[in-house]
Asks: 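Let me give you the structure first, and then I'll get to my questions.
Atoms within a ligand are numbered from 1 in the order they appear, just like the ligands themselves.
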Amino acid sequence: MSTDLQTSKRFQSPKERRDFLGLASLWSAGIALVIGLLGALRLPVPAVFPESNSRVKLGLRQRFEGTSVTWFPEYRLWVYSTGGELYAISAICTHLGCTVATQEGGGFYCPCHGSRFGPGGAVIAGPAPRALTHLALSLSPDGQVVVDQQEEVSPETRLKV
Ligand code: FES
């Protein structure tokens, strides 16, 4: 009987079980360390890229056919369409950021401190230090006109649609 107990796997070699548990805890600690290091390496990479937030779709290109001016109050910009070419002007005053308005006879004025801008956004009267910003337009693969609110372009830049 005692030889059965000594040879039985269940009661045999408690030392081996201890070794197994020791090895298992070492492997667990090692795996946890590797996973933690991988997570720490990912920290410098942003999960959301700021540039993706500055690009917004304004509508299908057909919306801007012909000659038109479309106001987008939610983005504070105008899109001008002139015979198949588009350009966008920001309505954010370059003085202190008020929203400029269009004025009769063309151009823009700022109700806050009275700056005036020409039809292309150039400063006519201060205190605005520089012209209104022209924003980059592009076409998305699904045929939408996209504006990048962070990318300034020259006033002569046009998007052909
Ligand atoms: S904010 Fe437009 S003139 Fe001051």
Asks: Below 2.8 Å, can you find an N, O or S atom of Cys112 next to atom 2 (Fe) of ligand 1?
Replies: no
Asks: Do we see a donor-acceptor contact under 3.5 Å between the side chains of Ser154 and Thr157?
Replies: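 Yes, side-chain donor-acceptor contact under 3.5 Å.
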Asks: Counting each atom of ligand 1 from 1 as listed, which ones have a heavy atom of Cys110 under 4.0 Å away?
Replies: 1 (S), 2 (Fe), 3 (S)
Asks: For atom 3 (S) of ligand 1, what is the nearest protein heavy atom, given as residue, atom name and distance?
Replies: Ser115 OG, 3.2 Å
Asks: Does a donor on one side chain and an acceptor on the other come within less than 3.5 Å for Arg130 and Thr94?
Replies: no
Asks: Determine, stepwise, if the pair Cys98 / Cys112 fulfils disulfide bond (SG atoms under 2.5 Å apart).
Replies: CA-CA 7 Å; Cys98 288; Cys112 292; 1.9 Å; yes
Asks: Measuring to atom 2 (Fe) of ligand 1, does His95 have an N/O/S atom at a distance below 2.8 Å?
Replies: no
Asks: Between the main-chain N or O of Ala91 and the side-chain N or O of Thr99, is there a donor-acceptor pair closer than 3.5 Å?
Replies: no
Asks: Which atom name would you report as the N, O or S atom of His113 nearest atom 4 (Fe) of ligand 1?
Replies: ND1
Asks: Would you say the side-chain atoms of His134 pair up with the backbone N or O of Arg158, donor to acceptor, closer than 3.5 Å?
Replies: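 No; judged by distance alone, with no hydrogens or angles, the pair does not exist.
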Asks: Ignoring hydrogens and angles, tell me if any N or O in the side chain of Arg63 forms a donor-acceptor pair with the backbone of Leu58 under 3.5 Å.
Replies: yes
Asks: Taking 4.0 angstrom as the limit and counting only heavy atoms of Cys98, give me the atoms of ligand 1 inside it, by number and element.
Replies: 1 (S)
Asks: Hey, which atoms in ligand 1 end up nearer than 4.0 Å to a heavy atom of Leu96?
Replies: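 Once the distances to Leu96 are compared, the set is 1 (S).
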